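Remarks on the structure that follows.
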Amino acid sequence: MNVRIIKVGILALVTMFFATKSYAQDDVQFTLFPWATSYYNAGGIGEQNNTLCFTAFYGSKYTAWNDVYYNDSGVEQKDKTAPQDFMLNIESYLKKLHGSFGVSLVSDRIGYYQNIDVKLGYAYKLRIGGGHLGIGAQVALFNQAIDADKYRPLQEGDPTIDQLSESTMDLDFNLGVLYKSDQWYAGVGVTKLVSAFDKNQKFRISGDHGASRNPQLYIHGGYTWVIPANPNWELMPQAMVKTDFKKFQVDVLAMARYNGVFWGGLGYRFQDAVSVFFGARPFFNSSNVYLKGLDAGISYGFTTNVLGYRPNRGFGDIEVMIRYCFDIYKPEIFSGYGNTRYIYKNRY
């Protein structure tokens with residue numbers, strides 16, 4: 001596979017999404033998005049090479065946000081409807097299959113909706129130049145249900161609203177490519193492919209009245225720069241653009257890491273939040289191979305949109321991330337004589 005083929009593939013993914021229409025249901029947003037790569041880019045499955053990784057996220061958006069409604073007696077009531085999400089991701093490199101498998105479970109509560117997303121994917125790995133390329137695909141099952149006891153429409157008797165209490169389940173597919181070297185990475189991911197073309201709900205497994213699923217396009221990348229005057233410090237800017245071609249969102253992280261252990265910085269989500277985050281890989285320099293792969297972080301986002309200023313407002317976003325990885329293969333050591341065609345053959 002050469003660079004020209006890679007460019008054509010990326011162009012095809014982007015072009016396909018310009019030809020589609022989008023409505024309603026968006027993916028979960030992560031402030032610490034570099035640790036959730038496989039959620040929005042199937043090519044990022046198993047980006048930690050030769051390892052088995054477990055990653056967990058918990059997020060509370062617009063914390064303390066309250067929805068106001070009136071009961072049957074006309075008394076004002078408040079109900080906490082701030083979005084909350086949880087993700088558990090497991091991914092592993094499998095040498096005999098030249099790639100990585102991953103499975104993720106995402107629970108996302110938005111207002112009165114409870115969404116559950118299960119994804120199973122595979123990414124084929126290639127060594128190209130000084131880095132490696134992941135080409136991945138995922139199959140996803142998406143379940144959505146509404147809490148009918150808390151959902152209180154202003155007007156009763158609308159049959160469309162009444163049917164929203166029905167639980168629905170959809171089948172969907174995601175694609176992505178990710179190139180990563182020691183200094184930089186870049187990727188393109190698309191999610192909800194079936195939703196772009198399944199106008200007759202042929203892929204709906206159960207239910208008839210769920211919210212439509214927006215096709216989503218993600219373009220993301222990052223760079224690692226070691227400060228020459230003090231190599232213990234690394235600057236690691238990260239950025240991601242996401243869109244359904246009706247609206248778009250931009251996330252930027254200004255991140256630094258010290259001695260390979262401590263990391264932190266500032267983040268900005270366009271017209272939504274300014275974030276501060278920090279974390280550590282506490283045993284990164286340890287000789288204990290079973291502890292080296294522990295990584296944990298936390299972020300807090302200060303809401304900058306209208307939800308942060310009106311009555312019953314939200315008090316920002318809280319996100320916690322924990323990852324644990326360990327090597328499942330010993331490093332390969334090449335020695336002796338041989339044909340360079342085989343010595344440098346792709347060994348994924």
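These numbers come from a predicted model, not from an experiment. Just so you know, these numbers use all the heavy atoms, side chains as well, and skip hydrogens, waters and symmetry mates.
- Between Ser38 atom OG and Glu91 atom CD the span is 4.5 Å, to the nearest 0.5 Å.
- Among residues two or more places apart in sequence or in another chain, the side chain to side chain contact (heavy atoms under 4.5 Å, CB included) test is passed with Tyr179 by Ile128, Leu133, Ser181, Trp184.
- If you take CZ on Arg109 and OG on Ser60, they are separated by 8.0 Å, rounding to the nearest 0.5 Å.
- Within the 3.5 Å criterion, the main-chain N or O of Asn174 finds no donor-acceptor partner in the side chain of Gln138.
- Residue pairs meeting the salt bridge (Lys or Arg N to Asp or Glu O under 4.0 Å) criterion with at least one partner in residues 278-306, sequence neighbours excluded, do not occur; the list is empty.
- A continuous path of Ile, Leu, Val, Met, Phe, Trp and Tyr side chains, each step under 4.5 Å between heavy atoms, connects Leu126 with Val177, placing both in one hydrophobic cluster.
- Contact of the Met240 side chain with the Gln238 side chain is not registered, since no non-hydrogen atoms from C-beta on lie closer than 4.5 Å.
- Here Ile298 pairs with Phe278, Val320 under the side chain to side chain contact (heavy atoms under 4.5 Å, CB included) rule; sequence neighbours left out.
- For Asp172 (side chain) and Val194 (main-chain N/O), a donor-acceptor pair under 3.5 Å exists by modelled atom type.
- Shortest non-hydrogen contact noted between Ser104 and Asn89 is CB-OD1, 3.2 Å.
- Remark: the backbone N or O of Ala273 is paired with a side-chain donor or acceptor of Thr304 at under 3.5 angstrom.
- Not counting sequence neighbours, the partners of Lys180 by the side-chain hydrogen bond (donor to acceptor under 3.5 Å, both in side chains) test are Glu47.
- A donor-acceptor contact shorter than 3.5 Å links the side chain of Thr243 to the backbone of Lys247.
- Applying the side-chain contact (heavy atoms from CB on, under 4.5 Å) test between Tyr218 and each of Val241, Thr191, Val188 identifies Thr191 as the sole match.
- Each salt bridge (Lys or Arg N to Asp or Glu O under 4.0 Å) pair with one or both residues in residues 222-239, not counting sequence neighbours, appears once here: Glu234-Arg257.
- A side-chain donor from one of Lys242 and Gln29 sits under 3.5 Å from a side-chain acceptor of the other.
- Considering all non-hydrogen atoms of both residues, Ser100 and Gly46 come closest at OG-CA, 3.5 Å.
- For the pair Asp244 and Lys192, the salt-bridge criterion is not met [side-chain N within less than 4.0 Å of a carboxylate O].
- In this structure, Lys119 satisfies the cation-pi test against Tyr39, with its NZ or CZ atom closer than 6.0 Å to the six-membered ring centre and inside 45 degrees of the ring normal.
- Using a 4.5 Å cut-off between side-chain heavy atoms of Ile, Leu, Val, Met, Phe, Trp and Tyr, with links allowed through other members, Leu32 and Ile322 fall into different hydrophobic clusters.
- Atoms OH and CD1, on Tyr122 and Ile135 in that order, are 10.0 Å from each other to the nearest 0.5 Å.
- Counting heavy atoms of neighbouring residues, nucleotides and ligands inside a 6.0 Å radius, atom OH of Tyr223 exceeds 12 of them.
- More than 12 non-hydrogen atoms from other residues, nucleotides or ligands lie less than 6.0 angstrom from CG of Asn230.
- Between Trp35 and the choices Phe54, Trp263, Tyr40, Phe277, the ring-ring contact (aromatic ring centres under 6.0 Å, His included) rule is met once, by Trp263.
- A donor-acceptor pair is defined here as one N or O able to donate and one able to accept, closer than 3.5 Å; no such pair exists between the side chain of Asp108 and the backbone of Phe86.
- A donor-acceptor contact closer than 3.5 angstrom is absent between the side chains of Gln249 and Asp251.
- Among residues two or more places apart in sequence or in another chain, the side-chain hydrogen bond (donor to acceptor under 3.5 Å, both in side chains) test is passed with Ser299 by none.
- Atom CZ of residue Phe57 and atom OG1 of residue Thr31 lie 9.0 Å apart, to the nearest 0.5 angstrom.
- In this structure, the side chains of Pro282 and Leu294 come closer than 4.5 Å at one or more pairs of heavy atoms.
- A continuous path of ILVMFWY side-chain contacts below 4.5 Å connects Tyr324 to Leu52, so both sit in one hydrophobic cluster.
- Listed here is the closest heavy atom pair of Lys125 and Ile45: NZ-O, 2.9 Å.
- The main-chain N or O of Phe101 is never found under 3.5 Å from a side-chain atom of Tyr93 such that the two would form a donor-acceptor pair.
- Two different hydrophobic clusters hold Leu120 and Leu178 under the rule that ILVMFWY side chains link at heavy-atom gaps under 4.5 Å.
- Using modelled atom types, one side-chain atom of Asn288 and one backbone atom of Tyr290 make a donor-acceptor pair closer than 3.5 Å.
- Atom CG of residue Leu88 and atom OG of residue Ser107 lie 11.5 Å apart, to the nearest 0.5 angstrom.
- A side-chain N or O of Gln144 and one of Asn115 form a donor-acceptor pair less than 3.5 Å apart.
- In terms of hydrophobic clustering, with Ile, Leu, Val, Met, Phe, Trp and Tyr side chains grouped at heavy-atom distances under 4.5 Å, Tyr268 and Leu266 are assigned to different clusters.
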